[in-house]
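One structure is given below, represented as structure tokens, and several questions about it will come after.
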Amino acid sequence: MVIYGSIITPLSKRDTLFSDYSLLRVSPLGTIDWVEHEVPPHKLEEALAKHGETVESIASQFRELKRGEWIIPGFVDTHTHAPQFQNNGAGSQFELLDWLKYVTFPEEQKYADVEYAKKMYRRVVRGSLDLGTTMCCWYGTLHLEGTKVLADVLNELGQRAYVGKCNMDRESAPTYQEASADDSLRDTLSFITHVEGLSSQPSQALVRPILTPRFAISCTGPLLQGLGEIAKQHPHLPIQTHISENSAEIAYTKELFPHCATYAAVYDHYGLLRENTILAHGVHLEQSELDLIKSRGAGISHCPTSNFNLRSGAAHVGEWLDNGNKCGLGTDCSGGWTASMITTMQLASVCSKVVSYYTKGDDASITGRFSKTQFAKYQLPIQTVFWLATMGGAEVCCLQDKIGSLEPGKLFDAVHVSILPETDNMHIWYDESESLESMFERFMTNGDERNVSEVWVSGRTVGGRLFK
Ligand SMILES: O=c1[nH]c(=O)c2nc[nH]c2[nH]1
């Protein structure tokens, strides 16, 4: 396929490439062969000739975009729970620990039934793809068979994913808890074997297993110890868990692990804090924890929708970025009420405005505009929010060489965005005389899934409004 039209892709945390006329070739293997930017129509022949092609030679694979349409890298959702989609929009009266007890664990228990898992997970993954999420870090439940179903569905429908069976051998519900640490570890190893068996080439696998100690509270010391040993034996196995989301959760964690000075130190103690660890939330992380997380190379998944919804707090993401912590965005259904990364970007922007409102006071030069040298105390620029949802997420998943931006050699995981009137999103006023940058700002502020026309993973069409 050769795409001709506008491309918007992150260049850095602060800069985005806005190219009105780009030419991008996708190889039959689903990688980006080459890209040429700033190729107005009169230079098309010349740009094709550089790659030994002509308008005629590529005619059958040519896709031309209209003004008001563009290609962006697919969204990377660094944290969400597949068995909670059914609860999206419910239970928002609770804070985290009661919400788990009264709303979340009762729903997750239903996934003991494999038929229920089959019905629900297909809808969940279909929905996530149609929203433009091309890579997703999924939590299943504690059930081995049900979570295998999730992995199978991801593989079939074609979403790039990390998928984990939750480890939880205490502090859950009597009927929703693993019998012992040994049972949990045994099922975890079976799960890893199952997911690795889905691909004949594990290094190229679309769907990969991820160790998923749910959070420190739900795991005994022996379970965390055993998971640390599995992690040591499998250095490439990613790890995901929750951290410092809510004040009561942090206090209880410290009570359960008195030998560890901080929440982050618990995971570090058990060998679970390393380059491929993804820590969700982190709203209340202390400076010493941010430094520890950075020194281990682990990433943080910022989940603004959930943090607002469960009244966990407004994370100081600008401080994390200034501190050099790896950071991406997570939808965190159903703590968050939507699986849309577009909404999550909008709330990440709002969150940064809330934080800047409360932190700007000690610096008279701060007026709500942006700073060229720091993120903390300022609202995040739209370019930074876009970077978090794409390249930032790719870095958190240690996939920055493969996805997150549209560059030669990377996989073509991408979204075709349209803001044309035919998309029926009445919140976006389309004016063809506007610059691409201005149109993009409207999409970032008022876009939704109606603007997601087509979604590709490794060059294969897997979702979008026009996907049949
Ligand atoms: O937002 C959250 N959702 C969850 O399911 C969960 N489990 C532990 N901690 C959690 N936080």
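None of the values given here were measured: they were computed from a predicted structure. FYI, side chains are in, hydrogens and waters are out, and symmetry mates aren't considered; it's all heavy atoms of this structure.
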Short side-chain to backbone donor-acceptor contact, S340 and T343, under 3.5 Å: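 Indeed, once roles are kept as given, a pair shorter than 3.5 Å links the two residues.
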Donor-acceptor pair between N246 and H284 side chains, under 3.5 angstrom: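 Judged by distance alone, the side chains do not pair up.
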Shortest non-hydrogen contact from A265 toward C260: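 For A265 and C260, the tightest heavy-atom pair comes out as O-SG, 4.0 Å.
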Parallel, tilted or perpendicular, as decided by the 30° and 60° cut-offs, for the rings of H242 and H81: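 Parallel, since the angle between the ring planes stays under 30°.
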Parallel, tilted or perpendicular: ring planes of F440 versus F386, cut at 30 and 60 degrees: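 The rings of F440 and F386 stand perpendicular, inter-plane angle above 60°.
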Criterion side chain to side chain contact (heavy atoms under 4.5 Å, CB included) on M168 and I217, from CA distance to verdict: CA-CA 9 Å; M168 26 196 310; I217 291 177; over 6 Å; no
Euclidean distance, L129 CG relative to T461 OG1, rounded to 0.5 Å: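 It is 11.5 Å, given to the nearest 0.5 Å.
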Q93 atom CD: more than 12 heavy-atom contacts under 6.0 Å: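 Count over threshold, so yes.
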Salt bridge (charged side-chain N to carboxylate O under 4.0 Å, His left out) against E95, all qualifying residues, sequence neighbours excluded: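 Here the qualifying residues are R311.
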Aromatic ring proximity Y121/Y111, centre distance under 6.0 Å: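 Close enough - the centres of the two rings lie under 6.0 Å apart.
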NZ/NE/NH1/NH2 to OD/OE distance under 4.0 Å, K165 and D187: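 So K165 does not pair with D187 through a salt bridge.
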Student check: side-chain heavy atoms of L406 and V35 closer than 4.5 Å: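 Answer no - side chains too far apart.
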Steps toward side chain to side chain donor-acceptor pair (under 3.5 Å) verdict (E319, N323): CA-CA 6 Å; E319 290 176 17; N323 198 53; over 6 Å; no
For L11 against T16, the heavy-atom pair lying closest together: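 Nearest pair, atom of L11 first, then T16: CD1-C, 3.9 Å.
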T80 side chain to C333 backbone, donor-acceptor under 3.5 Å: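 Yes, T80 side chain to C333 backbone: donor-acceptor pair under 3.5 Å.
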Check: T331/D77 side-chain N/O donor and acceptor closer than 3.5 Å: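 A pair is found: one side chain offers a donor N or O, the other an acceptor, under 3.5 Å apart.
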Nearest atoms (heavy-atom pairs only) where A112 meets H143: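 Shortest heavy-atom separation between A112 and H143 comes out as N-CE1, 3.4 Å.
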Y139 side chain vs T241 backbone, donor-acceptor pair below 3.5 Å: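 Flag set: sc Y139 to bb T241 pair under 3.5 Å.
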Whether S190 side chain and R186 backbone form a donor-acceptor pair below 3.5 Å: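 Yes; at least one donor-acceptor contact below 3.5 Å.
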Pair S172, R214: side-chain N/O donor-acceptor within cut-off below 3.5 Å: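 No, R214 and S172 have no side-chain donor paired with an acceptor closer than 3.5 Å.
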Side chain to side chain contact (heavy atoms under 4.5 Å, CB included) assessment of V452 paired with I342: CA-CA 10 Å; V452 173; I342 301 174; 3.8 Å; yes
Stepwise side chain to side chain donor-acceptor pair (under 3.5 Å) check, D169 with S180: CA-CA 6 Å; D169 69 339; S180 69; over 6 Å; no
Within-4.5 Å side-chain heavy-atom neighbours: L380 and L321: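 The answer is yes, as the side chains (C-beta and beyond) meet within the 4.5 Å cut-off.
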Any donor-acceptor N/O pair, N276 side chain to P235 backbone, under 3.5 Å: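 A pair under 3.5 Å: yes.
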Heavy-atom donor-acceptor pair, E178 side chain to R170 backbone, under 3.5 Å: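 Here the side-chain-to-backbone pair does not exist.
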Exam field: side chain T141 to backbone E108, donor-acceptor pair closer than 3.5 Å: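 No; zero donor-acceptor contacts below 3.5 Å.
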Within 45° cone and under 6.0 Å: R14 NZ/CZ vs F375 ring: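 Yes, a cation-pi geometry holds between R14 and F375.
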ring-ring contact (aromatic ring centres under 6.0 Å, His included) between F75 and W387, worked out: CA-CA 10 Å; F75 298 120; W387 181 90; over 10 Å; no
Side-chain donor-acceptor pair present, T445, Q346, cut-off under 3.5 Å: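 There is no such pair between these side chains.
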Atom NE2 of H259: over 12 foreign heavy atoms under 6.0 Å: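 Count over threshold, so yes.
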S184 side chain vs A181 backbone, donor-acceptor pair below 3.5 Å: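 The answer is no, because no donor-acceptor pair under 3.5 Å joins these two groups.
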Donor-acceptor contact below 3.5 Å, side chain N87 vs main chain V103: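 Here the side-chain-to-backbone pair exists.
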Residue pair A161 / L154: nearest heavy atoms and the distance that separates them: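 Looking at all heavy atoms of both residues, the closest pair is CB-CD1, 3.8 Å.
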Note: K410-E407 ion pair, threshold 4.0 Å (strictly below):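 Yes, charged N to carboxylate O under 4.0 Å.
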Beyond-backbone contact of Y162 with Q240, side-chain heavy atoms, under 4.5 angstrom: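 Sidechains of Q240 and Y162: no contact.
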Test item: T193 side-chain N/O and L189 main-chain N/O as donor-acceptor pair under 3.5 Å: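 Yes, T193 side chain to L189 backbone: donor-acceptor pair under 3.5 Å.
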Nearest atoms (heavy-atom pairs only) where A231 meets R274: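 Here A231 and R274 meet closest at O-NH1, 2.7 Å.
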Side-chain donor-acceptor pair present, Q84, S334, cut-off under 3.5 Å: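 There is such a pair (donor and acceptor under 3.5 Å, judged by atom type) between the side chains of Q84 and S334.
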Side chain to side chain donor-acceptor pair (under 3.5 Å) evaluation trace for Q379 with S352: CA-CA 5 Å; Q379 69 180 71; S352 75; 6.0 Å; no
Closest approach of L329 to A348 (non-hydrogen atoms, all atoms of both residues):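 Scanning both residues, the minimum pair turns out to be CD2-CB, 4.0 Å.
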Heavy-atom neighbours of K101 NZ exceed 12 at 6.0 Å: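 For K101, atom NZ is not crowded (no more than 12 foreign heavy atoms under 6.0 Å).
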Salt bridge (charged side-chain N to carboxylate O under 4.0 Å, His left out) between E229 and K232, worked out: CA-CA 5 Å; E229 278 155 26; K232 201 168 168 189; over 6 Å; no
Distance-only polar pair, side chains of E286 and T262, donor-acceptor under 3.5 Å: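 The answer is no; no qualifying pair exists.
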Intermediate values then yes/no, side chain to side chain contact (heavy atoms under 4.5 Å, CB included), V417 and F443: CA-CA 9 Å; V417 173; F443 165 71; 3.8 Å; yes
Salt bridge (charged side-chain N to carboxylate O under 4.0 Å, His left out), paired with E156, selected from R460, R122, R126: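 The residue from R460, R122, R126 that satisfies salt bridge (charged side-chain N to carboxylate O under 4.0 Å, His left out) with E156 turns out to be R122.
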Full working for ring-ring contact (aromatic ring centres under 6.0 Å, His included) between Y263 and H281: CA-CA 12 Å; Y263 201 151; H281 300 281; over 10 Å; no
Beyond-backbone contact of F191 with E196, side-chain heavy atoms, under 4.5 angstrom: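 No. Closest side-chain heavy atoms not under 4.5 Å.
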Check: F215 and E249 side chains under 4.5 Å, non-hydrogen atoms: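 In contact.
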Polar contact flag, side-chain donor to acceptor under 3.5 angstrom, S128-Q159: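 S128 vs Q159: donor-acceptor pair found between side chains.
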Check: D15 and Q383 side chains under 4.5 Å, non-hydrogen atoms: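 SC-SC contact between Q383 and D15 ruled out.
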Ring centres under 6.0 angstrom apart (F412, W34):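 No, too far apart.
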Basic-acidic side-chain contact under 4.0 Å: D413, R160: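 Looking at D413 and R160, the cut-off is met.
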Any F257 side-chain heavy atom under 4.5 Å of L224 side chain: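 Heavy-atom side-chain distance check passes, below 4.5 Å.
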Stepwise side chain to side chain contact (heavy atoms under 4.5 Å, CB included) test for K377 and Y358: CA-CA 8 Å; K377 300 185 180 180; Y358 286 107; over 6 Å; no
Note, H416 side chain near W456 side chain (heavy atom, < 4.5 Å):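 A side-chain contact under 4.5 Å exists here.
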